[in-house]
**Q** 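Got a structure for you, written out below as structure tokens; questions coming shortly.
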Amino acid sequence: MIIINDIIVSVSLLASDMTKMAEEIRRCENAGVDWIHYDVMDGHFVEQISYGTQILKSVRKCTDRPLDVHLMVERPDQQAEYFAEAGADIIDIHIESPCDTAACLKRIREMGKSPALAIKPKTPIEEAYPYLPLCDMVLVMTVEPGYGGQGFIAEMTAKVKSLREYADNNGFPSLNIQVDGGINEKTGAQAKRAGANVFVAGTGLFNANDMKAVNSALKGTL
Ligand code: DX5
Ligand code: ZN
């Protein structure tokens with residue numbers, strides 16, 4: 001299901017008009033986005049609360065695109081199963097969440113879903129390396145998780161570069177590296193040069209005059 005090492009654009013629904021989610025998803029599909037990024041916030045791991053499994057089930061009915069569920073929650077080990085049942089294809093859990101990260105990634109794989117490991121800006125990227133055999137993707141946060149619409153932290157490109165080099169040199173050439181937060185045509189290009197291949201954009205796509213043009217720019221086809 002994951003197209004390894006392809007360039008993927010994933011739209012974050014957090015920036016959509018949630019009163020007309022189905023229309024918003026159609027608009028994203030028409031613009032050519034590859035995946036739908038679904039940000040789950042629990043009010044503990046991050047301050048805000050976003051949405052949970054009920055809304056995900058409705059989203060699942062609206063689209064066949066892969067659903068990439070970013071769990072910004074205290075206990076992803078207690079939540080992953082519910083999101084898998086609700087229609088997630090990819091489940092991103094945070095290395096900083098206080099649970100058994102390896103066991104949780106393995107469980108996601110056992111459920112037939114694609115496991116991904118997310119890492120906050122202040123956590124050293126080396127902490128992700130032991131988990132590479134257990135995941136299809138690493139999500140390098142390029143803002144502090146918790147809010148859409150923040151500015152890209154430029155220093156995160158160094159983390160992406162280190163991760164890509166490590167992955168290439170240690171038997172993980174097909175690892176997907178996702179960047180999330182403040183991604184637009186310009187910052188997406190910086191992240192791509194560093195080795196990222198999956199680009200999450202919320203406001204960058206939804207606030208654009210021409211969503212299709214932004215999608216094409218991120219894909220590198222403009
Ligand atoms: C931040 C979320 C992001 C966010 C991206 O906590 O994980 O996915 O919605 O939004 P933009 O693209 O607006 O920074
Ligand atoms: Zn996210």
**Q** Is there a donor-acceptor contact under 3.5 Å from the side chain of Lys113 to the main chain of Ala88?
**A** yes

**Q** To the nearest 0.5 Å, how far apart are CG in Leu13 and CG in Leu205?
**A** 10.5 Å

**Q** Could you tell me if the side chain of Ser50 sits less than 4.5 Å from the side chain of Leu14, heavy atoms only?
**A** yes

**Q** Would the distance check show the side chain of Asp39 and the main-chain N or O of Ser12 forming a donor-acceptor pair, the cut-off being under 3.5 Å?
**A** no

**Q** Would you say Met21 ends up clustered with Val200 if hydrophobic residues are merged whenever their side chains have heavy atoms under 4.5 Å apart, either directly or through other cluster members?
**A** no

**Q** Would you indicate whether Glu144, at its atom CD, is surrounded by more than 12 heavy atoms from other residues, nucleotides or ligands within a distance under 6.0 Å?
**A** yes

**Q** Mind checking whether Asp17 and Phe206 have side chains closer than 4.5 Å, heavy atoms only?
**A** no

**Q** Between Glu165 and Lys161, is there a side-chain N and carboxylate O pair less than 4.0 Å apart?
**A** yes

**Q** Regarding Gln178 and Ser10, is there a side-chain donor-to-acceptor distance under 3.5 Å anywhere?
**A** no

**Q** Quick one: sort the Phe83 and Tyr38 rings into parallel, tilted or perpendicular, breaks at 30° and 60°.
**A** tilted

**Q** I want to check something: taking the side chain as every heavy atom from C-beta on, are Val59 and Tyr51 in contact at a cut-off of under 4.5 Å?
**A** no

**Q** When rounded to the nearest 0.5 angstrom, what distance separates CE in Met156 from OG1 in Thr187?
**A** 13.5 Å

**Q** Establish whether Val46 and Val40 are linked, either directly or via other cluster members, by ILVMFWY side-chain heavy-atom contacts under 4.5 Å.
**A** yes

**Q** Taking all heavy atoms of Ile90 and all of Met137, pick out the closest pair and write down the distance.
**A** CG2-CE, 3.9 Å

**Q** Should Asp89 and Arg65 count as an ion pair when the cut-off is N to O under 4.0 Å?
**A** no

**Q** Ignoring hydrogens, what is the shortest heavy-atom contact between Leu175 and Ala167? Give both atom names and the distance.
**A** CD2-CB, 4.0 Å

**Q** Where is the tightest heavy-atom contact between Ile93 and Pro76, given as atom of each residue plus distance?
**A** CG2-CB, 3.6 Å

**Q** Measure the CG-NE2 distance between Asp68 and His37 for me, rounded to the nearest 0.5 Å.
**A** 5.5 Å

**Q** Between Ser114 and Asp136, does any side-chain donor sit less than 3.5 Å from a side-chain acceptor?
**A** yes

**Q** Which is it for Arg193 and Gln190 under the side chain to side chain contact (heavy atoms under 4.5 Å, CB included) test, yes or no, and what are the steps along the way?
**A** CA-CA 5 Å; Arg193 278 196 295 278; Gln190 291 169 22; 3.7 Å; yes

**Q** Does atom CG of Asp210 have more than 12 heavy-atom neighbours from other groups under 6.0 Å away?
**A** yes

**Q** Under 3.5 Å, side chain of Thr53 to main-chain N/O of Tyr82, donor-acceptor pair present?
**A** no

**Q** Looking at Glu23 and Arg26, does any basic side-chain N land under 4.0 Å from a carboxylate oxygen?
**A** no

**Q** Is there a path from Leu67 to Met111 through hydrophobic residues (I, L, V, M, F, W, Y) whose side chains come within less than 4.5 Å of each other?
**A** yes

**Q** Report the distance from atom CD of Glu81 to atom CD1 of Ile108, rounding to the nearest 0.5 Å.
**A** 10.5 Å

**Q** Hey, mind stepping through Tyr129 and Asn170 against side chain to side chain contact (heavy atoms under 4.5 Å, CB included) and telling me if it holds?
**A** CA-CA 10 Å; Tyr129 297 166; Asn170 290 276; over 6 Å; no

**Q** Just so I know, are the side chains of Cys135 and Phe172 near enough to count as touching, which here means a heavy-atom distance under 4.5 Å?
**A** no

**Q** So does Val73 get a backbone contact from the side chain of Ser97, meaning a donor-acceptor N/O pair under 3.5 Å?
**A** yes

**Q** Decide yes or no for Ile55 and Met18: does some side-chain heavy atom of the first lie under 4.5 Å from some side-chain heavy atom of the second?
**A** no

**Q** What I'd like to find out is whether the side chain of Ile7 reaches to under 4.5 Å of the side chain of Asn197, using heavy atoms alone.
**A** yes

**Q** Answer yes when Glu85 and Lys57 have at least one side-chain N-carboxylate O distance shorter than 4.0 Å, and no when they do not.
**A** no

**Q** With the 4.5 Å side-chain cut-off for hydrophobic clustering, are Met141 and Ile91 part of the same group?
**A** no

**Q** With a 4.0 Å cut-off on N to O distance, would you call Asp77 and Arg75 a salt bridge?
**A** yes

**Q** Does the Lys159 side chain pair with the main chain of Thr142, one donor and one acceptor, at a distance under 3.5 Å?
**A** no

**Q** Working to the nearest 0.5 angstrom, can you tell me the gap between Asn215 CG and Cys28 SG?
**A** 9.0 Å

**Q** Using side-chain heavy atoms (C-beta onward) and a distance below 4.5 Å, is Ile36 in contact with Val11?
**A** yes

**Q** Any chain of hydrophobic side-chain contacts (each under 4.5 Å) joining Leu139 to Tyr166?
**A** no

**Q** Please check: side-chain N/O of Glu96 versus main-chain N/O of Lys120, any donor-acceptor pairing under 3.5 Å?
**A** yes

**Q** What are the two closest heavy atoms between Pro145 and Met72, and how far apart are they?
**A** CB-SD, 3.6 Å

**Q** At their closest point, which heavy atom of Ile125 faces which heavy atom of Ser162, and how far apart are they?
**A** CG2-CB, 4.1 Å

**Q** Give the ring-plane orientation class for Phe45 versus His94, where under 30° counts as parallel, over 60° as perpendicular and anything between as tilted.
**A** tilted

**Q** Looking at every heavy atom in both Leu218 and Asn184, which two are closest together, and how far apart are they?
**A** CD2-O, 3.5 Å

**Q** Would you check, one step at a time, whether the test side chain to side chain contact (heavy atoms under 4.5 Å, CB included) holds for Ile119 with Leu163?
**A** CA-CA 12 Å; Ile119 185 157; Leu163 175 60; over 6 Å; no

**Q** Given 3.5 Å as the limit, does a donor-acceptor pair link the side chain of Arg60 with the main chain of Thr63, or not?
**A** yes

**Q** Phe199 versus Lys192: any side-chain heavy-atom pair under 4.5 Å?
**A** yes

**Q** For Leu134 and Lys106, run side chain to side chain contact (heavy atoms under 4.5 Å, CB included): C-alpha distance rounded to whole Å, both residues' side-chain angles, the deciding distance at 0.1 Å, then the answer.
**A** CA-CA 7 Å; Leu134 302 176; Lys106 284 182 198 159; 3.9 Å; yes

**Q** How many angstroms lie between atom NZ of Lys61 and atom CD1 of Ile25, to the nearest 0.5 angstrom?
**A** 12.0 Å

